Amino acid sequence: MTDTLHIVGGGMAGSEAAWQAASAGIDVVIHEMRPQTGTFAHKTGDLAEMVCSNSFRSDDDEQNAVGLLHWEMRAAGSLIMDMADTHRLPAGGALAVDREAFSQGVTERLMRHPKIRREGSEITSLPEDGHWIFATGPLTSDALGQAIRAETGAEALAFFDAIAPIVHFDSIDLSKAWFQSRYDKGETEEERTAYLNCPMDRAQYEAFIDALLAAEKTAFHEGETAGYFDGCLPIEVMAERGRETLRHGPMKPVGLTNPHAPDIKAHAIVQLRRDNALGTLYNIVGFQTKMKYGAQADVFRMIPGLENARFARLGGIHRNTFLNSPTLLDAELRLRSKPHIRFAGQVTGVEGYVESSAMGLLAGRLAAAAIKGRSLPAVPATTATGALVTHITGGAEAKTFQPMNVNFGLFPPVEGLKGGRRGRRDRYKGYTDRAKADWTAWLGAEG
Ligand SMILES: Cc1cc2nc3c(=O)[nH]c(=O)nc-3n(C[C@H](O)[C@H](O)[C@H](O)COP(=O)(O)OP(=O)(O)OC[C@H]3O[C@@H](n4cnc5c(N)ncnc54)[C@H](O)[C@@H]3O)c2cc1C
């Protein structure tokens, strides 16, 4: 076995992984299929092409989880962040970049590195030996997707996401919502209380349906739609099929008793299911949607109990190839059944340019250490990078796993800080201070 690291996919994650590994002295080959084989979203043959928006989102590293991820990546010598900073455009508190200059800059820096070589070929199978990182992204080629499915089983690789909105638990009004699973199902108390329920009377339900039908929707990108209707109908499409459809589907008011008003039968009930082991996040069951983000927040805050909901992420449906990482990957992003293969980027079930690059950064460092015969300490779950990798490789519910953005709901609480709206600024500062100290220590321990 040679000591060369092969990276499949030269997108955000693959480019960062290559940079990190080469900076650690490892020989790297990037296997990127573009421009010979394209995708419906990429337009060039450049590495790290931004397929849609030109924003890395908030750059606030004290009050925002993605800003904190920027900070951690910069501290780790990230090429993606270096090029984003070099080609920054004015955008208030957000980090927006000149997309062409950015990806050309990444490509040039990688190609100038004496340890990095690029091969232009589509990889269509999972190799039996060597050191590999697969970072083929949401638009992983069909042939490779089939090969991954053959290894993991059909249930463990999705080709579309169907994301229901995710709400911070501490923003749900428990004087209206209550814990109960339908028909009190479950062996343990924990299972019987895994759901939160929000009741609606007839007038509230009718107003909600009106708002759903009127809300502005996002169109699919060209080439994105084939096959998405299997089992993930957007709620607004269900509502279009008939005003009662939701009441017989995800909002059916059966098998549940409202302890706040046990004698009143609800007309409809919205259920939220626990989304992470920490119990800080809940997803709204069956509420995948193509409504625009602003409209979603307005419509979902009409649900009794969610009037002040803060959303860790809003819903969506996209073409998106991703693994059921909680069951397939270990904490070092290795495929459990073939540990010489790591996955990185959006295909691991994170979402977004920054999160994908961060998983590339981590995979590159872990692979480089392994090739050198070293092992790194686990990344602290109190850092943004650690919170994300902990979530995708074990913290998230495997059965309902959907891609995730970085957000403070993934972080373990900081002791002694107030919950709720009032303490939010202090709490976020507490998270980011702790993360910076722990990330700095982790980078130091790595040597
Ligand atoms: C239509 C669309 C719009 C999006 N808009 C946004 C947005 O606005 N903001 C945002 O943050 N995120 C957006 N995303 C998500 C975005 O794709 C990711 O955030 C980011 O690009 C993921 O990085 P990655 O490295 O995992 O994948 P990518 O950047 O997609 O890189 C994967 C690379 O692998 C290559 N590849 C695939 N299969 C093979 C193979 N078999 N052999 C060799 N090479 C292969 C591809 O050509 C590609 O270069 C969007 C995704 C899509 C599909």
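In listed order, ligands and their atoms are each counted from 1. All values derive from a computational prediction rather than experimental measurement. Sequential numbering from 1 along the given sequence is applied to the chain's residues.
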A.B. asks: Relative to the heavy atoms of I123, which atoms of ligand 1 are at a distance of less than 4.0 Å?
C.D. replies: 40 (C), 41 (N), 42 (N), 43 (C)
A.B. asks: Below 4.0 angstrom, N of the basic side chain to O of the carboxylate: do D61 and K436 qualify?
C.D. replies: yes
A.B. asks: Examine the side chains of T280 and N276 and answer whether a donor and an acceptor come within less than 3.5 Å of each other.
C.D. replies: yes
A.B. asks: Regarding ligand 1, does V347 bring an N or O atom to under 3.5 Å of one of the ligand's N or O atoms?
C.D. replies: no
A.B. asks: Among E351, E16, Q346, which one puts a heavy atom closest to atom 18 (C) of ligand 1?
C.D. replies: Q346
A.B. asks: Does one side chain, of S141 or E122, offer a donor that lies under 3.5 Å from an acceptor on the other?
C.D. replies: yes
A.B. asks: Between S53 and ligand 1, does any nitrogen or oxygen pair lie at a separation below 3.5 Å?
C.D. replies: yes
A.B. asks: Touching ligand 1 at all, S15? Heavy atoms, strictly under 4.0 Å?
C.D. replies: no
A.B. asks: R34 heavy atoms, cut-off 4.0 Å: which ligand 1 atoms fall inside?
C.D. replies: 47 (O), 48 (C), 49 (O)
A.B. asks: Please state which option from A135, G45, A48, A13 has its nearest heavy atom closest to atom 32 (C) of ligand 1.
C.D. replies: A135
A.B. asks: Taking both backbone and side-chain atoms of T39, is any N or O found less than 3.5 Å from an N or O belonging to ligand 1?
C.D. replies: no
A.B. asks: Does a donor on one side chain and an acceptor on the other come within less than 3.5 Å for H42 and T39?
C.D. replies: yes
A.B. asks: Looking only at distances, please establish whether an N/O atom of ligand 1 is found under 3.5 Å from an N/O atom of M12.
C.D. replies: yes
A.B. asks: Between H6 and H31, is there a side-chain donor-acceptor contact under 3.5 Å, judged purely by atom types and distance?
C.D. replies: yes
A.B. asks: I would like to know whether R301 and N308 meet side-chain contact (heavy atoms from CB on, under 4.5 Å); could you show each step before the answer?
C.D. replies: CA-CA 7 Å; R301 288 192 182 120; N308 295 312; over 6 Å; no
A.B. asks: Going by heavy-atom distance to atom 35 (C) of ligand 1, choose the closest among E119, H318, E32.
C.D. replies: E32
A.B. asks: Backbone, side chain, both or neither: what part of V51 comes under 4.0 angstrom of ligand 1, heavy atoms only?
C.D. replies: side chain
A.B. asks: Would you check the N or O atoms of R57, main chain and side chain alike, for any that come under 3.5 Å of an N or O of ligand 1?
C.D. replies: no
A.B. asks: Counting only heavy atoms, which portion of L47 has something under 4.0 Å from ligand 1: side chain, backbone, both, or neither?
C.D. replies: neither
A.B. asks: Is any side-chain heavy atom of P403 closer than 4.5 Å to one of V350?
C.D. replies: no
A.B. asks: Hey, does E122 come in under 3.5 Å of ligand 1, counting only N/O atoms on both sides?
C.D. replies: no
A.B. asks: For the atom pair CG (L5) and CD (Q20), what is the distance rounded to the nearest 0.5 Å?
C.D. replies: 12.0 Å
A.B. asks: State the OH-CD distance between Y353 and E49, to the nearest 0.5 angstrom.
C.D. replies: 8.5 Å
A.B. asks: Quick check: G345 and ligand 1, any N/O pair under 3.5 Å apart?
C.D. replies: no
